[in-house]
Amino acid sequence: MTTVRLTTAQALVRFLNQQYLWVDGEEIPFVAGVFDIFGHGNVLGIGHALQENPGRLQVIQGKNEQGMAHAAVAFARQSLRRQIWAVTTSVGPGSANLVTAAATAMANNIPVLLLPSDTFATRQPDPVLQQIEQEYSIAITTNDSLRPVSRYWDRITRPQQLMSSLIRAFEVLTNPALAGPVTLCICQDVQGEAFDFDERFFVKRVHYLERRPPTERELDQAVSLIRSSRRPLIIVGGGAKYSGCAEVLMELSRKHHIPLAETQAGKSTVPSSFENNLGGIGITGTLAANEIAAQADLIIGVGTRYTDFTTSSKTAFAWRQAAFLNINVSRMQTYKMDGAQLVADAKAALEAIADRLGDYRSDYGDETARIRAKWLAERDRLAKIQFAREGFTPEIEGQFSQNEMNEYADALGTELTQTAALLALNRFVPANSVVVGAAGSLPGDLQRLWHTDAANGYHLEYGYSCMGYEIAGALGAKLAEPDREVYALVGDGSFLMLHSELVTALQHGYKINVVVFDNSGFGCISNLQMEHGIPSYGCEFRDRDGRVMNIDYAKVAEGYGAKAYRVRTLAELEQAVRQAVAEEVSTLIEIKVLPKTMTKGYLSWWNLGVPEVAANPEVVAATAKHKEMAKAAKMY
């Protein structure tokens, strides 16, 4: 056996350089680079190893551990889970800051390698700087908080443990059914310890992403279900996008006249202009998709987790009559909604089904086209809404008075509605752009209204709906596709939550475009609160004198070195977008929009924890209505 003497950190970096993924005959390096924020726990270990010999790995300095981990998550997502970045942090707060990003990756089934440093394996200096102490166990560290939000978790307390741990880690990272965050906590003293590693550990390793085919039994059942249905509906989930099954989806839909609806993760798998694409489904869905869903007798879920937003808290479908066919690489996901299980790669499964459907055709006739046209007319209406100082009715009705709307218009210096601004932006940005979003009212508007025919041009993190993902996510998307314009669409609340990776983008020369929709508050939660009878409370951005705050976000971006634009009219928006496209540095477009002017729900319901005791009769009435709606929901 030939050995090579390396520190644990050097062995880690050498191993990362030798990992490759094989997909459909193409072999690509699996680990693209490492995000770092160095502290005392990793600067002399992994930091030294990267400084001395990073190999082909790109190394980028982050500004916030959560932010750079979100960028890594977004990179993997935009790369369709075929490449990843690793993330190294110091101990204590650096490690703790990874928890939110790890949970985001876990909820979305996105592979990312997290390398938080840990306390001393020898325990000689305990408690070391930033170490927590528990009376019941000295073995507990901050990193234990990452266990429930990791697909695989390990603590490295000896150099030789690294080998078996990395083998297991990369099996998980490259497994489409288990894809998610892997956390390897490496004790800070162990990072610098030397060991005689077996040279064979560092040979080139190719991980094969095979397309799992369906079994004959699964195929027979699937084809029988479809052929016996008269009004089937396909739900295009994230698994469909990662599988790359757009062509077979459209072929199957067109030939057999089966309409499509999209989840947030599945949107931009199929072009928005495709004639049978009804758009988003569920709570943030379109009128067209939800109208068809309520009448469908077979729901064909392709790579979806059936979250409450997709199913409208299990009220979107006629579940007492409708059957479900669930196609997913994850066996767990196929068991949902009492569905027939087809555990396979989405593309392989759909191709096999398409070969067997023969001359089957649904009973929709021209109904799909008619309902789609009705929705497109509604979309056009939303694009033309203009504010008026008298007699104005916002889309979110009955919450703010005319005087309150006028107050916001005066304070923010704008009369722009959110729907008009968003749809104008959709017209102005380059057709091949990537739009990134995550939280607030924008995801609802985007799923309903944003049209793109660019493959993988829609990047919404809605499995966790994590505020602060948007700007870091745009950086990750740009790293994955540097030749496309990338736009982070972010509310003012999310911008304030986390925007530090805008500095990282500027520092390393990755141009992203940040579009801030500023309505001076947590707008979607204000809507939710007031819809349930509670007066506006704790959601508006007002100062201690009760005045609506007008924050200059453009000035913040200018201070970092970005090119910034202030927008109050659609003409200014068009000019700003055109100028921003021509820029070589990152940009920020600040759009002041009025509250309550985002889209409302269409034939959807969301189950929430409502107050069963309240002094306010409006809250009592809203709760009673909510409880009544819950009776129509499937119970599991």
Side-chain angles (χ1 to χ4, degrees), residues 1-20 29-31 34 36 38-57 59 84 86-91 94-95 98 102 111-126 128 131 137-144 146-147 150-175 178 180-207:
M1 179 180 72
T2 304
T3 62
V4 56
R5 191 160 184 80
L6 299 168
T7 69
T8 305
Q10 288 169 336
L12 168 71
V13 172
R14 187 168 175 179
F15 182 88
L16 297 185
N17 273 280
Q18 290 293 87
Q19 307 310 301
Y20 291 79
F30 186 57
V31 185
V34 180
D36 73 80
F38 293 135
H40 71 274
N42 63 344
V43 69
L44 303 181
I46 292 177
H48 166 258
L50 288 171
Q51 178 274 323
E52 192 172 72
N53 185 14
R56 59 167 177 77
L57 300 177
V59 182
I84 67 168
V87 178
T88 176
T89 73
S90 191
V91 300
S95 301
L98 292 177
V112 62
L113 178 60
L114 304 178
L115 301 168
S117 301
D118 217 317
T119 54
F120 271 64
T122 64
R123 299 178 179 171
Q124 180 277 323
D126 288 7
V128 71
Q131 179 177 344
S137 174
I138 197 172
I140 299 296
T141 77
T142 299
N143 289 335
D144 287 274
L146 284 156
R147 287 177 183 262
S150 298
R151 190 69 73 186
Y152 175 71
W153 186 100
D154 199 1
R155 177 175 281 124
I156 309 300
T157 60
R158 298 297 310 135
Q160 54 266 49
Q161 293 174 348
L162 183 73
M163 294 179 284
S164 58
S165 187
L166 281 173
I167 298 298
R168 178 75 181 102
F170 275 80
E171 188 280 320
V172 171
L173 289 166
T174 59
N175 185 335
L178 295 178
V182 164
T183 301
L184 302 183
C185 319
I186 310 179
C187 292
Q188 56 185 291
D189 51 343
V190 175
Q191 289 184 33
E193 287 185 17
F195 181 75
D196 294 322
F197 289 90
D198 187 338
E199 281 274 21
R200 291 172 296 181
F201 179 62
F202 302 108
V203 299
K204 177 181 176 180
R205 293 176 185 270
V206 181
H207 307 271

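All values derive from a computational prediction rather than experimental measurement.
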Open item on the list: When you compare the side chain of Asp126 with that of Gln131, does any pair of heavy atoms fall below 4.5 Å?
Closed with: yes
Open item on the list: Rounded at 0.5 Å granularity, tell me how far CD in Gln188 sits from OG1 in Thr8.
Closed with: 13.0 Å
- [ ] Work out which heavy atom in Asn42 is nearest to a heavy atom in Ser117; give both atom names and the distance.
- [x] CB-OG, 3.1 Å
Task: Aromatic plane relationship, Phe15 with Phe201 - under 30° parallel, 30 to 60° tilted, over 60° perpendicular - done: parallel
Task: Straight-line distance of Ile46 CD1 to Gln10 CD, nearest 0.5 Å - done: 11.5 Å
Task: Results of side chain to side chain contact (heavy atoms under 4.5 Å, CB included) for Val59 - residues two or more places apart only - done: Asp36, Leu50, Pro54
TODO: Assess whether side-chain contact (heavy atoms from CB on, under 4.5 Å) is satisfied between Ile140 and Ser137, documenting all intermediate values.
DONE: CA-CA 6 Å; Ile140 299 296; Ser137 174; 3.8 Å; yes
Task: Pairwise distance CG(Leu162) to CD1(Ile167) - rounded to 0.5 angstrom - done: 9.5 Å
Task: Candidate list Leu113, Val87, Leu114, test side chain to side chain contact (heavy atoms under 4.5 Å, CB included), partner Thr183, passing option - done: Leu114
TODO: Report the distance from atom CD of Gln51 to atom CG of Leu44, rounding to the nearest 0.5 Å.
DONE: 11.0 Å
Open item on the list: Is any side-chain heavy atom of Met163 closer than 4.5 Å to one of Phe195?
Closed with: yes
TODO: Determine the interplanar angle of the Phe197 and Phe202 rings, folded into 0 to 90°, and report it as parallel if under 30°, tilted if 30 to 60°, perpendicular if over 60°.
DONE: perpendicular
Open item on the list: How close do Val91 and Gly41 get, counting heavy atoms only, and between which atoms?
Closed with: CG1-CA, 4.2 Å
- [ ] Output yes when a side-chain donor or acceptor of Asn17 lies under 3.5 Å from a complementary backbone atom of Val13, and no otherwise.
- [x] yes
TODO: Taking the side chain as every heavy atom from C-beta outward, state whether Trp153 and Pro181 have any pair of such atoms under 4.5 Å apart.
DONE: no
Open item on the list: Side chains of Val31 and Ile84, heavy atoms from C-beta outward: is any pair under 4.5 Å?
Closed with: yes
Task: Step-by-step side-chain contact (heavy atoms from CB on, under 4.5 Å) determination, Leu173 to Glu171 - done: CA-CA 6 Å; Leu173 289 166; Glu171 188 280 320; over 6 Å; no
- [ ] Please answer whether the main-chain N or O of Arg158 pairs with a side-chain N or O of Gln161 as donor and acceptor at a distance below 3.5 Å.
- [x] yes
Open item on the list: Tell me whether Arg56 forms a cation-pi arrangement with Tyr20, defined as NZ or CZ under 6.0 Å from the six-membered ring centre and within 45 degrees of its axis.
Closed with: yes
Open item on the list: Using every non-hydrogen atom in the two residues, find where His40 and Ser90 come nearest and quote the distance to one decimal.
Closed with: N-OG, 3.5 Å
TODO: May I ask you to test the Val43-His48 pair for a side-chain heavy-atom distance under 4.5 Å?
DONE: no
Task: Side-chain (Arg151) to main-chain (Val182) donor-acceptor, under 3.5 angstrom - done: no
Open item on the list: Once rounded to the nearest 0.5 Å, what's the spacing between atom OG1 of Thr2 and atom CG of Asp196?
Closed with: 11.5 Å
TODO: Please report the closest heavy-atom contact between Thr142 and Ser95, naming both atoms and the distance.
DONE: CG2-CB, 4.2 Å
Task: Flag side-chain contact, heavy atom, 4.5 Å: Gln191 against Asp189 - done: no
Task: Over all atoms of both residues, closest heavy-atom pair of Pro116 and Asn143 - done: CB-OD1, 3.5 Å
Open item on the list: Whether the Thr3 and Asp198 side chains hold a donor-acceptor pair (N or O, under 3.5 Å, no angle test) is what I'd like checked.
Closed with: no
- [ ] Just jot down the side chain to side chain contact (heavy atoms under 4.5 Å, CB included) partners of Ser165, sequence neighbours excluded, or say none.
- [x] Tyr152, Asp154, Ile156, Leu184
Task: Shortest non-hydrogen contact between Leu12 and Leu166, atoms and distance - done: CD1-CD2, 3.9 Å
- [ ] With side-chain contact (heavy atoms from CB on, under 4.5 Å) as the test, would you mind laying out the steps for Arg205 and Gln18 before giving the verdict?
- [x] CA-CA 6 Å; Arg205 293 176 185 270; Gln18 290 293 87; 5.8 Å; no
Task: Heavy-atom side-chain contact between Lys204 and Gln19 under 4.5 Å - done: no
